There are 2 protein chains.
Amino acid sequence: MERRAVKDFGSPPITETGMAMPETAARTRIQEKNISAILNAALEVFSGAGFRGATLDQIARAASLSKPNLLYYFKSKEAIHRALLSELLDTWLAPLRTLDSGGEPVDEIVRYVMRKLDMARELPRESRLFANEIVQGAPHILDIIEGPLKALVDEKASLIRKWAAEGRIAEVDPYHLIFSIWATTQHYADFDAQVRGILRPERDRHFDDAARFLTHLYRTALTPD
Amino acid sequence: MERRAVKDFGSPPITETGMAMPETAARTRIQEKNISAILNAALEVFSGAGFRGATLDQIARAASLSKPNLLYYFKSKEAIHRALLSELLDTWLAPLRTLDSGGEPVDEIVRYVMRKLDMARELPRESRLFANEIVQGAPHILDIIEGPLKALVDEKASLIRKWAAEGRIAEVDPYHLIFSIWATTQHYADFDAQVRGILRPERDRHFDDAARFLTHLYRTALTPD
DNA sequence: CGTGATCCTGACCAATTGGTCAAACTCTCC
DNA sequence: GGAGAGTTTGACCAATTGGTCAGGATCACG
């Protein structure tokens with residue numbers, strides 16, 4: 001027997017991919033509210049427990065919905081996860097996209113570092129969501145890494161290489177420069193528990209020190225000669 | 001009814017903590033072999049799936065044992081995890097311990113970076129084991145972080161600060177310097193999937209480029225004036 | 001206000017999973 | 001070679017978990 005007819009009674013607002021209708025703007029106010037609540041709850045749970053560690057019950061509870069109601073909006077746990085990653089992908093790549101050829105190269109890169117550090121402070125759950133995923137081999141986003149992400153990084157690596165060739169920044173491997181920026185900034189979100197366990201900071205005070213340190217680190221390493 | 005009498009027939013070689021007898025040297029050759037196989041299998045599975053994502057069946061299969069036989073050596077999944085973390089803790093802290101006041105400070109720190117990078121290449125599973133744990137809030141090792149690890153980092157931070165005060169390295173925040181070293185080196189183990197997806201390197205060739213980049217990064221940033 | 005579409009729920013199910021146990025097997029050492 | 005400790009296993013169990021379904025409640029709108 002077929003899973004679900006194309007059109008029948010009680011058909012939930014689910015697309016073929018299992019995602020709640022995203023672009024097809026026809027969303028009820030109720031859908032708007034619940035889908036948003038689900039994705040927010042899913043971010044909380046997935047980022048804190050990883051895909052396999054998260055349970056539908058946890059997500060449902062966090063979203064103040066019953067489990068069957070959850071599955072009315074998304075047809076499976078996988079579907080929620082996919083929708084969440086997909087929703088956050090743009091946010092995630094945005095900072096690197098803004099790295100542009102205008103302006104002083106060293107300033108431009110330091111500005112990128114600061115933006116990434118801000119994101120680690122303001123959106124730590126989003127960072128941990130991707131961290132969980134990648135640490136375990138990126139099973140759900142390998143295609144994105146090897147496709148759009150690689151393309152974007154290749155493009156920016158070219159830019160950095162050009163800056164180096166023009167003598168406007170020091171000669172460094174652009175790929176490893178980008179990796180180091182990701183590592184040092186996301187560290188404050190992904191390894192938050194360790195950072196706080198060691199520093200025991202009041203609030204987010206340590207982010208200011210981190211900003212100062214990273215500014216020094218990259219400015220000295222990138223300034224030519 | 002009591003869980004298990006202190007001494008009875010069929011009592012497995014399990015200590016109060018649920019760990020297989022570690023220091024009490026009285027281990028059979030069979031115990032030696034199986035416990036080692038279990039811990040190796042557990043490292044493989046836990047590092048790839050996280051604590052909750054790992055199953056006893058997976059670990060048992062990887063160790064070529066039946067599940068009940070697994071539980072003959074360790075009384076629970078938690079116990080295996082604890083034993084594993086405990087076994088690897090020293091390995092994990094060893095590089096930082098070797099940071100000593102002898103030698104030229106900049107060289108000493110760069111040497112530490114290289115050692116950490118070597119570990120990321122040679123022991124990526126161990127790195128990911130801890131990464132998984134910490135990303136999810138370090139529930140099983142928070143006490144270690146706040147205790148022995150913090151103490152060790154505090155000690156080394158003092159040393160670095162002294163070096164800075166003596167003008168032998170640049171004035172940088174020692175804690176954030178250490179965090180950045182952890183982040184940049186462990187990145188190649190923890191985010192291996194992403195690094196390889198973007199670089200598509202042959203074998204581990206990219207580690208040489210990483211070593212060059214990190215050497216430049218820290219040498220320029222730490223050399224005084 | 002009625003009707004069709006949307007939304008929600010309790011009850012239920014099969015598979016997975018951590019863990020137990022009694023019994024059988026095997027190794028060691030006298 | 002035999003006795004007792006150490007080792008292994010098949011069968012089993014309860015709890016959890018992802019997911020289903022039929023029917024009832026509610027909403028939007030003519």
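Keep in mind that this is a model prediction, so the values were computed, not measured. Proteins get letters first, then strands, A, B, ... in listed order; numbering begins at 1 in each.
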Checklist entry - When you measure from the side chain of B/Leu71, which nucleotide among C/dT20, D/dA28, C/dG18 comes out closest? => result C/dT20
Next on the checklist: Can you identify which nucleotide, out of C/dC7, D/dT20, D/dT8, has its nearest atom closest to the A/Tyr73 side chain?
Outcome noted: C/dC7
Spacing of [X] atom [atom1] relative to [N] atom [atom2], expressed in whole Å:
X       : N      : atom1 : atom2 : answer
B/Phe74 : C/dG18 : CZ    : P     : 16 Å
A/Ile59 : D/dG19 : CD1   : P     : 10 Å
B/Asn34 : D/dT8  : CG    : C1'   : 10 Å
A/Asp57 : D/dG19 : CG    : C1'   : 11 Å
A/Arg29 : D/dA28 : CZ    : C1'   : 10 Å
B/Leu70 : C/dG19 : CG    : C1'   : 11 Å
A/His81 : D/dG19 : NE2   : C1'   : 18 Å
B/Ile30 : D/dT7  : CD1   : P     : 6 Å

Quick check on [N]: is either OP1 or OP2 less than 4.0 Å from any side-chain nitrogen or oxygen of [X]?
X       : N      : value
A/Tyr72 : C/dC7  : yes
A/Thr55 : D/dT16 : no
A/Gln31 : C/dT6  : no

Item to check | For DNA chain C, the residues among residues 41-54 of chain A that have a non-hydrogen atom under 4.0 Å from it | outcome: A/Arg52
Checklist entry - Near DNA chain C, under 4.0 Å by heavy atom, which residues of residues 62-69 of chain B? => result B/Lys67, B/Pro68
Checklist entry - Considering the terminal five base pairs at each end of the helix from C/dC1-D/dG30 to C/dC30-D/dG1, what angle separates the two local helix axes, rounded to 10°? => result 20°
Salt bridge present between [X] and [Y] (N-O < 4.0 angstrom):
X        : Y        : value
B/Arg111 : B/Glu108 : yes
B/Arg205 : B/Glu202 : yes
A/Asp204 : A/Arg196 : yes
B/Asp118 : B/Arg121 : yes

Next on the checklist: Considering only residues two or more places apart or on different chains, which pairs with a residue in residues 132-144 of chain A satisfy side-chain hydrogen bond (donor to acceptor under 3.5 Å, both in side chains)?
Outcome noted: A/Glu78-A/His140, A/Asn132-B/Gln136, A/Glu133-A/His140, A/Gln136-B/Asn132
Item to check | Pairs where residues 146-158 of chain B contributes a residue and the test side-chain hydrogen bond (donor to acceptor under 3.5 Å, both in side chains) is met, not counting sequence neighbours | outcome: A/Arg200-B/Glu146, B/Lys150-B/Asp154, B/Asp154-B/Tyr175
Going by atom type alone, with no hydrogens or angles, which donor-acceptor pairs under 3.5 Å involve a side-chain atom of residues 34-57 of chain B and a protein atom two or more places apart or on another chain?
{"residue": "B/Asn34", "atom": "ND2", "partner": "B/Tyr73", "partner atom": "OH", "Å": "3.0"}
{"residue": "B/Asn40", "atom": "OD1", "partner": "B/Arg125", "partner atom": "NH2", "Å": "3.4"}
{"residue": "B/Glu44", "atom": "OE1", "partner": "B/Arg125", "partner atom": "NH1", "Å": "2.6"}
{"residue": "B/Ser47", "atom": "OG", "partner": "B/Leu43", "partner atom": "O", "Å": "2.7"}
{"residue": "B/Ser47", "atom": "OG", "partner": "B/Glu44", "partner atom": "O", "Å": "3.2"}
{"residue": "B/Arg52", "atom": "NH1", "partner": "A/Gly53", "partner atom": "O", "Å": "2.5"}
{"residue": "B/Thr55", "atom": "OG1", "partner": "B/Gln58", "partner atom": "N", "Å": "3.1"}

Next on the checklist: Within the structure provided, determine whether B/Leu214 and A/His176 are in side-chain contact (heavy-atom separation under 4.5 Å).
Outcome noted: no
Checklist entry - For the residue pair A/His81 and A/Phe74, is the inter-centroid distance of their aromatic rings smaller than 6.0 Å? => result no
Looking at [X] and [Y], what are the two nearest heavy atoms and their distance?
X        : Y        : result
B/Tyr218 : B/Ser180 : OH-OG, 2.8 Å
B/Thr91  : B/Pro95  : O-CD, 3.5 Å
B/Ala138 : B/Ile145 : CB-CD1, 3.8 Å

Checklist outcome for this item: Whichever of B/Lys77 and A/Lys33 has the more 5' nearest nucleotide on DNA chain C, that residue is A/Lys33
